[in-house]
Amino acid sequence: MTLIQTVDIVDLVIDGAARPARGGARAAVLDPATGATLAEVAAAGPEDVDDAVAAARAAQPAWSRLSPRQRGQHLFAVAALVRRHADDLAHTESLDTGKPLAQARADVEVTAEYFEFYGGYADKFYGETMPLAGDSFALTFREPHGVTGHIIPWNYPLQIGCRTIVPSLMVGNACVVKPAMEAPLSITRLGLLALEAGLPPGVLNVVPGSGSLAGAHLADHPGIDHLSFTGGLETGVLVMSAAARHVRPVTLELGGKSPSLVFADADLDRATAVLTKALIQNAGQTCSAGSRIVAERSVHDELVDRLAKAFEEVTLGRGVDDPDMGPVISAAQRDRVLGYIDGALAAGCGVAAGGSAAEPAGLAGGYFVRPTLLVDVAPDMAVAQEEVFGPVLTVLRADDDESALAIANGTPFGLVASVWTSDLDRAMHLARRLEAGQVYLNSYGAAGGIGLPFGGVKKSGFGREKGVEAASEYTQTKTVVVNVG
Ligand code: TXE
């Protein structure tokens, strides 16, 4: 496998083979740092999705009849190949998404770890036995759904893709994966690597295609038994509506507006460094980005000064040159982000750093936005309520714990939150009352490690990914009652 240097041709991966779309459709994949074409990728139409679902249905029974240990060994084999091709995969991910190479390398490391984590867990995922009256008892089996559909976004194709694909494979499902057309390259390569590692044909099919065509067809497909979706709120509602027509379970991860509560007794050096990273990681295009700060009034100005200084020092550039921050994914996303900034300014917010598009030297065609710090933000403004999905951090003031909590919980979302204080009682009280799937105390992690259950409350979605919990998400429990009397 060679590094992508020039325009590459990328095919669909269906039933163990790479092939063009049946209708021959292709779409250009752009380098977000330059606007130049990176690759021509096959664009799956409904008939290709049908093929992928049929291949998965045919392959799934034999895959599920392997012993858990055998499936685990397959996953370890994929992990080894991912590690062997780590440089290439990271380079591809960085080019395709625009993210700094160091972040792409971390994504590839996590990708390998997903295969290792679930490879190791495969033969340790048990059902239960329950004593009943007399000599009777019951036992539970954790059975795979069958064929699972995975609609994944462009911000972390490998990481988010594998977060859903690998536990599903582990328990014996076969997968049909629909990557986003903005960044389909790494996950398509992963599909080929999995075959090279010996995964049986049809067990993992990858069909990049447009959301409205391939995505919608997959979401509404009668041959899918479970759907996992990570993306925007409106699209998530469409996907869930399609699933409802088939009475089919879904796992939805729909982003957030994750708050960080910073109190006067916090370690501001640490908070500034970590919260800057929590925002600029992947140019703010992270579902769990720390995109809102709720600062205690007495520490607000000092925190803003520190953050503004840190933001001004952030280097922008092409991902593969490993700056602090790369471009956003597309011209449309840049315009959406700038639109939020303009709207905030019109509503009376101030700008403490950034506030505009950027043009790093030699990258005139790229989609860059300077890290932006918005102050004097009211809790009900759009920029404080909606997911901007770009490098924009809003800072709000709070008078005390209760008002900080009310602001933090006062959006439709609830994915991640953090609390910065040296008072452990306060930290734990707030952790219990924050409406979020994950809470970090004096730290912040974009979803944390693989072992930590991850997912949202409220409109951030439902279902838990990662950790041992994800295995339950991809199985159904069958209870068998035995009367031996
Ligand atoms: O997302 P979409 P978009 C949020 C973020 C961003 C906004 C819009 O706020 O600004 O969504 O981004 C597929 N049926 N997140 O438009 O459309 C699509 O092809 C089935 C948060 O890119 O949700 C892609 O594979 N599928 C987020 C996937 O859905 C459809 C990550 C996500 O794209 C479809 C990305 C349809 N009708 C965006 N339409 C996170 N939670 O990390 C599109 N898709």
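Order of listing sets the numbers, starting from 1, for every ligand and every atom in it. Bear in mind that the values here come from a model prediction, so they are computed numbers and not experimental data.
For Tyr114, there are no ring pair (Phe, Tyr, Trp, His ring centres under 6.0 Å) partners, not counting sequence neighbours.
Remark: ligand 1 atoms within the under-4.0 Å shell around heavy atoms of Val239 are 20 (C). Residue contact check: Cys287 has heavy atoms under 4.0 Å from atoms 40 (C), 41 (N), 42 (O) of ligand 1. The atoms of ligand 1 that sit less than 4.0 Å from any heavy atom of Ile151 are 13 (C), 20 (C), 25 (O), 26 (N), 28 (C), 29 (O). Atoms of ligand 1 lying under 4.0 Å from any heavy atom of Lys178, numbered from 1 in the order shown and given with element: 18 (C), 19 (O), 24 (C), 25 (O). Atom numbering of ligand 1 starts at 1 in the shown order; those under 4.0 Å from a heavy atom of Trp154 are 3 (P), 22 (O). Per-residue contacts place Ile152 under 4.0 angstrom from the following atoms of ligand 1 (heavy atoms of the residue considered): 24 (C), 25 (O), 28 (C). Each of the following atoms of ligand 1 lies closer than 4.0 Å to a heavy atom of Leu238: 37 (N). Set against the non-hydrogen atoms of Gly255, the atoms of ligand 1 under 4.0 Å away are 41 (N).
Protein heavy atom at the shortest distance from atom 44 (N) of ligand 1 is Gly211 CA, 3.4 Å. Nearest protein heavy-atom neighbour of atom 2 (P) of ligand 1: Thr235 OG1, 3.5 Å. Looking from atom 6 (C) of ligand 1 to the surrounding protein, the closest heavy atom is Phe389 CD2, 3.7 Å. Of the protein's non-hydrogen atoms, the one nearest atom 35 (C) of ligand 1 is Pro153 CB, 3.5 Å. Looking only at protein heavy atoms, the nearest one to atom 20 (C) of ligand 1 is Gly215 C, 3.2 Å.
The existence of a salt bridge linking Arg464 and Glu473 is excluded, since no basic side-chain nitrogen approaches an acidic carboxylate oxygen closer than 4.0 Å. Ion pair Asp8/Arg189 flagged as a salt bridge, since at least one NZ, NE, NH1 or NH2 atom sits closer than 4.0 Å to an Asp/Glu carboxylate oxygen. Salt bridge status for Glu465 with Arg163: present, with a side-chain N to carboxylate O gap under 4.0 Å. Using a cutoff of 4.0 Å between basic side-chain nitrogens and carboxylate oxygens, Arg292 and Glu387 are not scored as salt-bridged. Using a cutoff of 4.0 Å between basic side-chain nitrogens and carboxylate oxygens, Glu93 and Arg105 are not scored as salt-bridged. Residues Lys178 and Asp48 are not paired through a salt bridge, judged by the lack of any N-O separation under 4.0 Å between the basic side chain and the carboxylate.
Although no hydrogens or angles enter the test, the distance criterion places a donor-acceptor pair under 3.5 Å between the side chain of His246 and the main chain of Asp220.
Residue contacts with ligand 1: Gln285 is excluded, as none of its non-hydrogen atoms falls under 4.0 Å. Residue Phe229 places a heavy atom less than 4.0 Å from ligand 1. The closest approach between any non-hydrogen atom of Gln333 and ligand 1 is below 4.0 Å.
Counting only N and O atoms by type, the side chains of Ser168 and Thr148 include a donor and acceptor under 3.5 Å apart. In this structure, a donor-acceptor pair under 3.5 Å is absent between the side chains of Gln333 and Tyr367.
Using cut-offs of 30° and 60° on the angle between ring planes, the pair Tyr440 and Tyr444 is parallel. The aromatic rings of His226 and His145 lie parallel to each other, their planes meeting at an angle below 30°, with 60° marking the opposite boundary.
Screening Asp322, Asp324, Asp107 against Lys99 for a salt bridge (Lys or Arg N to Asp or Glu O under 4.0 Å) leaves a single residue, Asp107.
Counting heavy atoms only, Glu387 comes closest to atom 5 (C) of ligand 1 of the residues His217, Glu182, Glu387. Summarising the contacts of atom 14 (N) of ligand 1 with Ala216, Ser241, Gly256, Gly461, the nearest heavy atom is found in Ala216.
Residue-level proximity to ligand 1 for Tyr156 is absent, since no heavy atom of it falls below 4.0 angstrom.
For ligand 1, the polar-atom distance check against Gly232 finds a nitrogen or oxygen pair separated by under 3.5 Å. At least one N/O-N/O distance between Arg336 and ligand 1 falls below 3.5 Å.
Within 4.0 Å of atom 33 (O) of ligand 1, not a single protein heavy atom is present. Protein heavy atoms are absent from the 4.0 Å sphere centred on atom 16 (O) of ligand 1.
A 4.5 Å side-chain heavy-atom check between Asp225 and Arg248 finds every atom pair outside the cut-off.
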